[in-house]
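Labels below follow one simple rule: chain letters A, B, ... track the order of the sequence lines, proteins then strands, and each chain is numbered from 1.
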Number of protein chains: 2
Amino acid sequence: MDKTIDFLLRRLGAIGKLNAEDRDLLVSLPFRRRRVSKGEEIVAEGSTSSSCCLVVTGYVHRSKVLVTGNRQIFSLHMAGDIPDLHSLHLPKMDHSLVATAPAEVALISHAAIQNVLDQSATLTALLWRDTLIDAAAFRAWMLMLGQAEAPARMAHLFCELYVRSRLVGLNRENSFALPISQIAIADMLGTSTVHANRTLQDLRLQKLVDFERGRVTVLRWRELAELGMFDSSYLHIMAGVVADQASREGTR
Amino acid sequence: MDKTIDFLLRRLGAIGKLNAEDRDLLVSLPFRRRRVSKGEEIVAEGSTSSSCCLVVTGYVHRSKVLVTGNRQIFSLHMAGDIPDLHSLHLPKMDHSLVATAPAEVALISHAAIQNVLDQSATLTALLWRDTLIDAAAFRAWMLMLGQAEAPARMAHLFCELYVRSRLVGLNRENSFALPISQIAIADMLGTSTVHANRTLQDLRLQKLVDFERGRVTVLRWRELAELGMFDSSYLHIMAGVVADQASREGTR
DNA sequence: CGTTGTGTTGACAAGAGTCAATGGCAGTGG
DNA sequence: CCACTGCCATTGACTCTTGTCAACACAACG
């Protein structure tokens with residue numbers, strides 16, 4: 001059996017209840033696999049989308065560049081995420097979807113998704129909920145962008161990615177793969193690359209976290225979370241999953 | 001007949017098609033009116049919400065404060081907006097809803113909304129779409145917070161509010177009421193109040209816009225939009241409405 | 001073996017925050 | 001009617017975070 005939908009089931013199972021029929025509906029979704037290389041644009045700003053992109057491996061981000069040439073990355077997505085689920089009801093893209101690292105994605109047509117939604121009110125609610133959690137993550141990033149300084153923003157980013165990657169079983173002990181450039185990090189944090197580099201060195205020096213050869217290692221979770229003022233509740237992970245994590249690491 | 005739902009119909013009509021039955025369903029929604037004074041919290045962070053808040057008059061915002069005491073305002077809402085529509089599927093609030101200016105709101109129970117959604121697939125899609133547009137506005141703000149300097153951020157904010165207030169018929173020629181403090185403006189822009197004040201004076205001096213006695217007057221739309229790198233497409237206003245506006249002011 | 005993208009460093013400039021003080025203005029209570 | 005109070009807008013001086021420019025090292029890659 002194909003594993004493509006597996007991570008999606010994991011993610012949806014972590015943010016809501018999935019019954020057997022819903023699982024079957026999801027597993028039987030038709031898709032088209034596609035391999036994308038680093039920097040490749042998957043969906044362009046301004047284009048009209050007729051399918052959604054499920055991330056299977058690697059990393060993908062949503063971003064937009066200003067006329068000044070400055071780029072802001074709004075979100076970073078990993079296996080199980082559907083970064084452009086919103087295109088279902090907002091087909092005209094107001095930003096673009098780009099591979100941050102080599103990635104594999106599965107393209108699922110809007111028609112197929114709509115067909116599933118018509119058959120299951122609970123899945124409709126769950127996917128709606130997923131887009132709302134996406135928006136909650138935007139708020140969390142906005143909060144950091146507007147009110148926190150660079151070290152806190154970076155700490156927060158690493159915390160979020162750590163929790164999310166563990167959610168879908170992508171991390172190894174206290175580390176996870178993040179094969180992206182410091183340029184990408186800087187564009188998420190809203191800083192220059194030079195400043196992002198210095199901020200990273202600062203975190204390294206404090207032995208809170210390390211990021212080298214495409215892998216983030218969390219050295220002191222509690223201090224990192226404190227610096228980043230990280231509270232995972234905005235990820236709206238269901239009780240069981242949160243508890244599990246909290247007990248292991250003292251996330252909250 | 002009660003006018004409470006009117007602005008909601010205007011807003012939803014501007015972002016999608018509303019047929020007669022959908023209008024009837026919306027108009028017959030039960031609600032409870034409430035008057036809130038400036039600074040009053042309507043829904044608290046951490047609380048579990050069982051109703052949604054439709055703004056009828058005045059202004060309301062969503063915000064969160066960090067442990068540092070810094071507050072970020074995520075969005076500002078006017079008549080016709082349902083700022084916490086997301087609470088329908090994400091009842092645990094990860095931020096709070098506060099009156100920025102004296103306001104009247106209508107509280108509509110989740111049960112009543114769910115009842116309407118069960119009866120209309122088109123309304124389900126439209127309200128989902130509304131929450132997605134909300135998220136698109138977050139992305140636009142993030143872009144400015146992360147990549148633009150204070151004057152551009154302020155210009156962008158005024159542009160957005162101008163377009164949105166006109167959408168629901170709240171503006172008068174080239175101005176609209178905005179009875180909020182510069183402190184609130186600063187917390188939206190992610191700057192200190194001192195810097196927001198100086199930035200405002202800068203815009204005044206350039207005769208792009210004015211903001212005094214609770215009213216914003218747009219003096220030179222085109223230059224203001226250029227400074228704010230404003231492109232209204234993220235508001236996802238339907239073609240007819242956009243065209244009307246564009247023809248009047250050259251929004252794009 | 002050059003090319004290219006990336007990480008790193010230093011020096012300097014500029015944007016933005018902090019602190020402190022002042023003045024205006026509306027509302028309050030005597 | 002007037003002192004008093006609190007909130008808000010405004011200003012100046014100073015500090016600090018962050019951006020810019022430029023240079024260089026290094027690894028991956030064709």
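- When the side-chain nitrogen and oxygen atoms of B/K38 are compared with OP1 and OP2 of D/dC8, one or more of them lie within a distance under 4.0 Å.
- Going from atom CZ of B/F211 over to atom P of D/dC8 covers 12 Å, rounded to whole Å.
- By the 6.0 Å contact criterion, CZ on B/R220 is enclosed, its count of non-hydrogen atoms from other residues, nucleotides or ligands being greater than 12.
- Nucleotides of DNA chain C that come within less than 4.0 Å of any heavy atom of chain B span, from the 5' end to the 3' end, C/dG15 to C/dC19.
- Contact check on B/R62 versus B/D134 returns a salt bridge, with a Lys/Arg side-chain nitrogen under 4.0 Å from an Asp/Glu carboxylate oxygen.
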Under the side-chain contact (heavy atoms from CB on, under 4.5 Å) rule, what do B/F211 and B/L178 come out as? Steps first, then yes or no, please.
CA-CA 8 Å; B/F211 171 46; B/L178 191 68; 4.1 Å; yes
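- The closest side-chain heavy-atom distance from A/E160 to A/W141 is below 4.5 Å.
- The aromatic rings of B/H86 and B/H95 sit tilted, their planes meeting at an angle between 30° and 60°.
- With A/F158 as the fixed residue, the side-chain contact (heavy atoms from CB on, under 4.5 Å) test singles out one of A/I185, A/V163, A/L227: A/I185.
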Footprint string (nucleotides 10-28 of chain D, 5' to 3'): B base within contact, S backbone only, - free, heavy atoms under 4.0 Å:
SBBB---SSSBB-------
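- Note on ring orientation: taking the six-membered ring where Trp is involved, the planes of B/F176 and B/Y162 are tilted (angle from 30° to 60°).
- Side-chain contact between A/L54 and A/R33 is absent, with no heavy-atom pair separated by less than 4.5 Å.
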